[in-house]
Amino acid sequence: VNVSTDGFPMETSWSLTNNCDGTRVSSPQYTIPNTLYTNSRCLPYAEYTFVISDSFGDGICCAHGSGNYEVLLDGMNVTSGGEFIEPDSKTFGSCNPVEPTSSPTNTLTPSHQPTLSPTSELEIIEIPDNL
């Protein structure tokens, strides 16, 4: 979770809730205006709901700075923004585990039988040294 704070960072908070088991990760207390904060976590595969709010109700962009946020999952953006009045939320992932695919099977058959012995004789050609 990357958050660039606006001019009033203490108004900003977020939570990331695992909808499969109910565990929750919450934002740190932001204290420095107009600063990028990065919060990384290694989390299990699950369905999550990210909620960001501004206690004053004016979001983190644009009235008092150019704050914004983005949530990345395996390096891919799952949600981002900055302009909101009500808490902004996004649900992503799934509580259903990803089933592994079955092992590949060899369905290819040779089109020709391999040749067991050479089909022509090897011819040795001698080249004189003076050429």
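- Take C95 and apply the disulfide (SG to SG under 2.5 Å) test, not counting sequence neighbours, and it matches C20.
- Applying the ring-ring contact (aromatic ring centres under 6.0 Å, His included) definition to pairs two or more places apart or across chains, those involving residues 46-80 are F8-H64, W14-F50, F50-Y69.
- Interatomic distance, CZ of F92 versus CD of E47, reported as 9.5 Å (0.5 Å rounding).
- Within 6.0 Å of the CG atom in L43, the count of heavy atoms belonging to other residues, nucleotides or ligands exceeds 12.
- Residues forming a side-chain hydrogen bond (donor to acceptor under 3.5 Å, both in side chains) with T17 (at least two apart in sequence, or on another chain): R24.
- Residues that satisfy the side-chain hydrogen bond (donor to acceptor under 3.5 Å, both in side chains) test with N68, not counting sequence neighbours, are absent from this structure.
- Summarising the geometry of D6 relative to I60, their closest heavy-atom pair is CB-O, 3.2 Å, with the distance given to 0.1 Å.
- Identified under the side-chain hydrogen bond (donor to acceptor under 3.5 Å, both in side chains) test for residues 34-43, with sequence neighbours left out: N2-T38, N39-R41.
- Between C61 and G67, the shortest heavy-atom distance links the atoms CB-O, 3.1 Å.
- Pairing each heavy atom of S13 with each of S27, the nearest pair is CA-OG, 3.4 Å.
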Under 3.5 Å donor-acceptor pairs involving side-chain atoms of residues 74-83, not counting sequence neighbours:
unit_1 : atom_1 : unit_2 : atom_2 : d
N77    : OD1    : T79    : N      : 2.9
N77    : ND2    : E70    : OE1    : 3.4

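- For T5 (side chain) and I32 (main-chain N/O), a donor-acceptor pair under 3.5 Å exists by modelled atom type.
- Nearest heavy atoms, G7 versus P33: O-CB, 3.9 Å.
- The shortest side-chain heavy-atom distance between V3 and P9 does not fall under the 4.5 Å cut-off.
- Taking every heavy atom of both residues into account, S89 and T49 meet most closely at CB-CG2, 4.5 Å.
- Between atom CD of residue E86 and atom CG of residue D54 there is a gap of 11.0 Å, rounded to the nearest 0.5 Å.
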